Visitor: 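Just passing along the structure, written as structure tokens.
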Amino acid sequence: MRFASRRERRDLRRPRWGRGGLASRGHTDMSDVQAAPQVVEPYPLSNLRHSVAHLMASAVGKLFPGAKFGFGPDIEHGFYYDFDLSEPLTDKDLRRIEKEMRKIAKRSPEIVREEVTREEARKRLTEWGQDYKLEALELIPEGEAISFYGHGSGAEAWADLCEGPHVAGFQSLDFHFKLLSIAGAYWRGSEENPMMQRIYGTAFWSKEQLDEHLEWLEEVKLRDHRRLGAELDLFSTHADAGAGFVFWHPNLGVVRREIEAMWWDEHTRGGYKPVYTPHVSRESLFAVSGHLENYGEMMYAPMDLDEHPYRVKPMNCPGHVLIYKDRGRSYRELPLRWAELGTVYRNERSGVVHGMLRVRGFTQDDAHIFCTIDQLADEIAGVCRMVDKFLTTFGFEYTAYLATRPADKTIGEDEVWERATEALRQAAESIDLPLVLDEGGGAFYGPKIDYKIKDALGREWQNSTVQCDFNLPERFDLHYTDTDGMQKRPIMVHRAILGSLERFVGGLIEHFGGKFPFWCAPTQVALIPIREEHADYCRTLEEKLAGELFRVDAMLEPGHMNKKIKHAQKEQVPFMLIAGERERDEGTVAVRRRGTREQEVVKFDDFLARIRELRATKAIGLDG
RNA sequence: GCUGCUGUAGCUCAGUGGUAGAGCACUUCCUUGGUAAGGAAGAGGUCGCGGGUUCAAGUCCCGCCAGCAGCUCCA
């Protein structure tokens, strides 16, 4: 599971140059160029943002003479612009630039478009010393219009090689913007290229919308799993252990165990059998599988055992294949469904590790299905049903994508590709799962269905995947004896529902904001006596709860009730049971539900029945 | 890996060359309190690690480690 990367969210793969504006600083007076084409109000938000990106670039150009400009498009939540500057920008510069933007906006009644010839464009950009722009100019296909968009006059005049469209001008428009952050970004997105400085910002038509967006960003920060991980004592990472290695604390260990228990239950129900495979194998295994060749950069360096190189596994599939190959297989055995919570290690580049979401050692909820092509549709349908079960249990909305054969560098017969892709389609249809087509998005070894989920904050993640594989069976020469006695090649299906426990649970922390559903909450019930003399009653309640394997924190130590309430609240404990004389005498408890301040006095047995229900149904909320 | 920034008590942070600070959390004592901070006292820091400059380094310089915002890449 993963966040759809910022890159995806910003949709940069879309050809961008024209829309995104290749900007450049101009010193010509724009007053004599032709007026912009009529843009009818209201402008799309993307136009505004793109125009504000221009505004920002012009301010940067004014404040930092000699600035060179890269790309500056609008993106999902705002815009950015890349600059090549002689000195690094700081947050203080952002405020300065904002101020300058407001000034320029006031003096810029209109944004004007000017169409020029390629020669003229080249001449201008050369004159302005805009190297990146010149390169960008060459990206514009022959025959397409080449235009500049400019605003400001006199010393402030500024123009941008850009296709548009833009708003007509800044002066008379009511809009609101904020510059948010500075980061490095490679020119044209390639690490071969020089790094530029990128400024991110956002803009809206109303102050309210801007504020709302800024609040959303705050909420994202508050729910950050790294922050909650420390606050709720969930996990840690350590310089002493190295970057990208997660230590699960007891609180999160509980969450994981609950999820794993559900996972094994569902897999048992789905006809999967557990397998366990070693973390280390001889290097030659990964040579056969092809991982060494295609994935070698991600693998840890070999270690020497008895003068043979060994490797830590980056994937579980070769191990499962060895089990398959251990003896001959008959069609009668298929499909074989083998599941493993397999821990793998991958050498992620140092700059990418991120809390629990991007780590160097993680546990995949892996399984492989060995089946015939005729069984494929049913098998896929089974996986999709299981995906639905998990995603809805955690309250995620999702979209499934059918990724078909890539244009080149694939392996496998045309016919097999077609039949497998058709099987994926049929499977989805049989369970009424709509598929969005991702043409050519498959792996080189087979078509697949990928899932994207939406979390409570509306962010998209990718986690579940079902992939057909024609490659590994080939490489390992897998076969089974068919009804006619002939040796046939099975298809292998790789699938992960959660992706990795680390990424999934890290995502869950943010999705729930630390308020885990009752069934997997680290502590489910806190017992708080009003006075010390009520501790005995609490103790009897504790025994009953613990006897039914509920996770109870009996806060019986001396101290103030209010302090304990505050503590339990901070720990996001679903239920606090507060008990004094009245409760003890009546066999009741005062129940305080997470997130509320009201209490409800109920018979303890009624409470017990309620939480049994919550646990059994894996309800997300605490009602009912 | 790359660009920029950061690293001081468990947490949030102050401390710009001259003997380490605050709030919260923690411990102890007092407080017996009916639903989110009662009072007092106390403990807690190799200032990320290693070098260098200096009479003197948390503070300046270099290297490493880790983290943060991104880029690139990914479960």
Side-chain angles (χ1 to χ4, degrees), chain A residues 1-7 10 12 80 82 84-85 87-91 93 180-200 221 224 226-227 230-231 233 236-244 295 297-298 314-316 342-344 346-366 450 461-465 494 496-504 506-507 528-534 558-570 576-583 590-592 596-599 601:
Chain A
M1 171 170 179
R2 77 198 239 283
F3 272 118
S5 71
R6 284 281 165 88
R7 187 167 61 92
R10 288 170 183 145
L12 289 181
Y80 69 75
D82 290 342
D84 184 353
L85 306 170
E87 346 169 351
L89 291 166
T90 66
D91 284 345
D93 293 323
L180 297 172
S181 61
I182 304 159
Y186 297 109
W187 164 238
R188 293 184 62 199
S190 166
E191 57 186 317
E192 308 287 314
N193 291 336
M195 185 154 282
M196 309 184 76
Q197 297 192 65
R198 175 172 295 179
I199 301 178
Y200 284 104
K221 238 187 241 171
D224 189 304
R226 295 163 297 179
R227 174 199 173 93
E231 200 170 297
D233 195 11
S236 55
T237 56
H238 302 271
D240 287 339
Y295 211 72
E297 275 179 22
M298 298 289 280
M315 293 195 189
N316 302 303
T343 304
V344 297
R346 300 183 186 173
N347 183 15
E348 294 288 351
R349 302 215 270 173
S350 62
V352 305
V353 297
H354 181 94
M356 299 184 77
L357 300 182
R358 190 76 184 272
V359 297
R360 285 173 164 167
F362 56 94
T363 301
Q364 293 182 308
D365 70 312
D366 213 351
D450 281 333
W461 305 58
Q462 206 228 283
N463 60 322
S464 312
T465 182
H494 308 256
I497 312 270
L498 312 175
S500 85
L501 270 313
E502 282 74 9
R503 186 171 277 180
F504 188 78
I528 301 172
I530 284 171
R531 278 198 305 282
E532 231 171 318
E533 67 199 72
H534 308 126
H560 286 250
M561 175 184 72
N562 283 349
K563 235 178 191 178
K564 295 175 184 174
I565 289 171
K566 186 184 150 199
H567 190 258
Q569 192 98 2
K570 203 183 141 231
M576 283 180 236
L577 301 186
I578 294 156
E581 270 156 58
R582 288 202 298 274
E583 289 77 11
V591 181
R592 184 169 161 156
T596 69
R597 300 184 67 147
E598 297 85 54
Q599 314 86 52
V601 179

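Letters go in sequence order (proteins before strands), and every chain restarts at 1. Since the model is a prediction, treat every value here as computed from it, not as a measurement.
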Visitor: Nearest whole angstrom, please: distance from the P of B/C5 to the CZ of A/Arg198.
Guide: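 Whole-Å distance recorded here is 18 Å.
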
Visitor: Which salt bridge (Lys or Arg N to Asp or Glu O under 4.0 Å) pairs, counting each pair once, include a residue from residues 346-362 of chain A, with sequence neighbours left out?
Guide: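 Pairs touching residues 346-362 of chain A that pass the test: A/Glu191-A/Arg349, A/Glu348-A/Arg358.
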
Visitor: NE2 of A/His494 to CG of A/Asn316: how many Å apart, nearest 0.5 Å?
Guide: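 So the gap between those two atoms works out to 11.0 Å.
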
Visitor: To the nearest Å, give me how far apart CZ (A/Arg188) and C1' (B/C71) are.
Guide: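 Interatomic distance, CZ of A/Arg188 to C1' of B/C71: 15 Å.
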
Visitor: Can a side chain N or O of A/Ser350 be found less than 4.0 Å away from OP1 or OP2 on B/G1?
Guide: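 A/Ser350 to B/G1 OP1/OP2: side-chain N or O found under 4.0 Å.
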
Visitor: Just how far is it from atom CG of A/Leu89 to atom CD of A/Gln197, taken to the nearest 0.5 Å?
Guide: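 So the gap between those two atoms works out to 4.0 Å.
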
Visitor: Name the residue from A/Thr465, A/Asp366, A/Asp365 that meets the side chain to side chain contact (heavy atoms under 4.5 Å, CB included) definition with A/Ile497.
Guide: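 Only match with A/Ile497 under side chain to side chain contact (heavy atoms under 4.5 Å, CB included): A/Asp365.
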
Visitor: Can you name the salt bridge (charged side-chain N to carboxylate O under 4.0 Å, His left out) partners of A/Asp450, sequence neighbours left out?
Guide: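 Salt bridge (charged side-chain N to carboxylate O under 4.0 Å, His left out) list for A/Asp450, sorted by chain: A/Lys448.
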
Visitor: With sequence neighbours excluded, what pairs up with A/Thr343 under the side chain to side chain contact (heavy atoms under 4.5 Å, CB included) test?
Guide: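 Once residues adjacent in sequence are excluded, the partners of A/Thr343 under the side chain to side chain contact (heavy atoms under 4.5 Å, CB included) criterion are A/His279, A/Tyr345, A/Thr363.
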
Visitor: Measure from CZ on A/Arg227 to P on B/G67 and round the result to the nearest Å.
Guide: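 Taking atom P of B/G67 as the reference, CZ of A/Arg227 is at 19 Å.
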
Visitor: More 5' along RNA chain B: A/Gln197 or A/Gly242, using each one's nearest nucleotide?
Guide: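 Nearer the 5' end of the strand: A/Gln197.
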
Visitor: For the pair made of CZ in A/Arg358 and C1' in B/G70, what is the distance, rounded to whole Å?
Guide: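 From A/Arg358 CZ to B/G70 C1': 13 Å.
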
Visitor: Stacking between B/G70 and A/Tyr200, yes or no? Criterion: centroid separation under 5.5 angstrom, plane angle under 30 degrees.
Guide: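 No, aromatic ring not over the base.
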
Visitor: So, taking the atom named CE in A/Met576 and the one named CD in A/Gln569, what distance separates them when rounded to the nearest 0.5 Å?
Guide: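 One gets 4.0 Å once the value is rounded to the nearest 0.5 Å.
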
Visitor: Among B/C71, B/U72, B/C74, which is the nearest nucleotide to the side chain of A/Glu191?
Guide: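 In terms of side-chain proximity for A/Glu191, the closest of B/C71, B/U72, B/C74 is B/U72.
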
Visitor: Could you list the residues that satisfy salt bridge (charged side-chain N to carboxylate O under 4.0 Å, His left out) with A/Glu532, not counting sequence neighbours?
Guide: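 So A/Glu532 forms no salt bridge (charged side-chain N to carboxylate O under 4.0 Å, His left out) with any residue.
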
Visitor: For nucleotides 30-40 of chain B, just jot down a letter per nucleotide in 5' to 3' order: B, S or -, based on protein non-hydrogen atoms under 4.0 Å.
Guide: -BBBBBBBB--

Visitor: My validator wants the stems of RNA chain B: runs of 3 or more consecutive Watson-Crick or G-U pairs, both distances under 3.5 Å, written as range with range.
Guide: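 Looking at RNA chain B, the stems formed by three or more consecutive pairs are B:1-7 with B:65-71, B:10-13 with B:21-24, B:26-30 with B:38-42, B:48-52 with B:60-64.
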
Visitor: What is the separation between atom CE on A/Met298 and atom C1' on B/A75, rounded to the nearest whole Å?
Guide: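 Rounding to the nearest Å, CE of A/Met298 and C1' of B/A75 are 9 Å apart.
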
Visitor: Pick base, sugar-phosphate or nothing for A/Ala496, based on heavy-atom distances below 4.0 Å to the nucleic acid.
Guide: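 If one applies the 4.0 Å heavy-atom cut-off, A/Ala496 turns out to touch nothing in the nucleic acid.
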
Visitor: Scan A/Val359 against the nucleic acid and name what it touches under 4.0 Å (heavy atoms): base, sugar-phosphate only, or nothing.
Guide: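 Answer is base: heavy atoms of A/Val359 come under 4.0 Å of a base.
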
Visitor: For the side chain of A/Glu348, counting heavy atoms from C-beta on, which of B/U72, B/A69, B/A75 is nearest?
Guide: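 From the listed options, B/A75 comes nearest.
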
Visitor: Within this structure, what is the NE2-to-P distance between A/His238 and B/G10, rounded to whole angstrom?
Guide: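 For the pair A/His238 NE2 and B/G10 P, the rounded distance is 14 Å.
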
Visitor: What is the distance from CG of A/Leu85 to P of B/G4, rounded to the nearest Å?
Guide: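 About 12 Å, once rounded to whole Å.
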
Visitor: Between atom CG in A/Asp450 and atom P in B/C74, what is the gap in whole Å?
Guide: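 Checked: the CG to P distance equals 13 Å.
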
